[in-house]
Amino acid sequence: MGLKQGIIGGLIALGLAGPALAGEIAITDPYARASTMMSKSGAAFMVIENAGTQDDRLVAAASDVAAKVELHTHEEDANGVMRMVEVEEGFAIPAGGQHVLARGGDHVMFLGLTRPLEQGDMVSVTLTFEKAGEMVVEVPVDLERGAAGAMGAMGGHMKMGD
């Protein structure tokens, strides 16, 4: 492949990884990872922004890269050990705010990977919101991205402009 084809391919991939929109909901900075090349699980992270005037909630996720997809967070147990748990009620996305899905916090969990998640691959993830409905996000696999910052580690939400 020539340099020109490589540049064009890269620009197309960046365009696919750009913001996804569903009504008032926008997804920015999505990426996915697997723990190791032999992992049977992986995760996706992103920023979910709600430009609307009503709160919304991410209630489900699905992808053909895994037998099962769940919304997860990290919780500390009675012994001070962090563990991942499913968040069955989903994640609140406040009106005029955002909710960060990041390593060490809230995330989309892929259980029973049907194929390896390799650097540069794209993973199609369908997110389901209470009000905005379904939206498909093309998530690039980035195995080199570092751990999240403080906001990501909290997996929290905030009002935009605060």
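These numbers come from the heavy atoms of this one structure, side chains and all, not from hydrogens, waters or symmetry mates.
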Closest non-hydrogen atom pair between Ser63 and Val69, with its separation: N-CG2, 3.6 Å

Value rounded to 0.5 Å, distance of CD1 in Ile25 from CD in Gln98: 11.5 Å

Side chain proximity check, Val136 to Glu134, heavy atoms < 4.5 angstrom: no

Backbone N/O of Phe91 and side chain of Asp106: donor-acceptor pair under 3.5 Å: no

Connected via hydrophobic side-chain network under 4.5 Å: Phe45 and Val59: no

Minimum-distance pair of heavy atoms, taken over all atoms of Leu71 and Ala61: CD2-CB, 4.1 Å

Close side-chain approach of Val85 and Thr73, heavy atoms under 4.5 Å: yes

Donor-acceptor contact below 3.5 Å, side chain Asp56 vs main chain Lys131: yes

Over all atoms of both residues, closest heavy-atom pair of Leu143 and Val141: CD2-CG1, 3.8 Å

Summary of salt bridge (Lys or Arg N to Asp or Glu O under 4.0 Å) pairs that have at least one residue in residues 74-89, sequence neighbours excluded: none

Main-chain N/O of Ala102 paired with His107 side-chain donor or acceptor, under 3.5 Å: no

Other ILVMFWY residues reachable from Met84 by side-chain steps of under 4.5 Å: Met109, Leu111

Interatomic spacing from CD in Glu49 to CG in Asp29 - rounded to 0.5 Å: 10.0 Å

Arg115/Val65 under side chain to side chain contact (heavy atoms under 4.5 Å, CB included): CA gap, chis, key distance, verdict: CA-CA 6 Å; Arg115 65 176 173 87; Val65 300; 3.4 Å; yes

Distance, nearest 0.5 Å, that separates CD of Glu144 from OH of Tyr31: 12.5 Å

Any donor-acceptor N/O pair, Lys68 side chain to Gly112 backbone, under 3.5 Å: no

Ala95 to Asp55 - nearest heavy-atom pair and separation: N-OD1, 2.8 Å

Derivation of the side chain to side chain contact (heavy atoms under 4.5 Å, CB included) call for Asp64 and Thr114: CA-CA 7 Å; Asp64 64 356; Thr114 58; 5.7 Å; no

Where Ala32 and Val139 come nearest, the two heavy atoms and their spacing: N-CG1, 3.5 Å

Check: Arg145 main-chain N/O paired with Arg103 side-chain donor or acceptor under 3.5 Å: yes

Over all atoms of both residues, closest heavy-atom pair of Ile93 and Leu58: CG1-N, 4.1 Å

Heavy-atom neighbours of Met38 CE exceed 12 at 6.0 Å: no

Flag side-chain contact, heavy atom, 4.5 Å: Leu101 against Val108: yes

Straight-line distance of Leu127 CG to Met46 CE, nearest 0.5 Å: 5.0 Å

Asn50 (side chain) donor-acceptor with Gly96 (main chain) under 3.5 angstrom: no

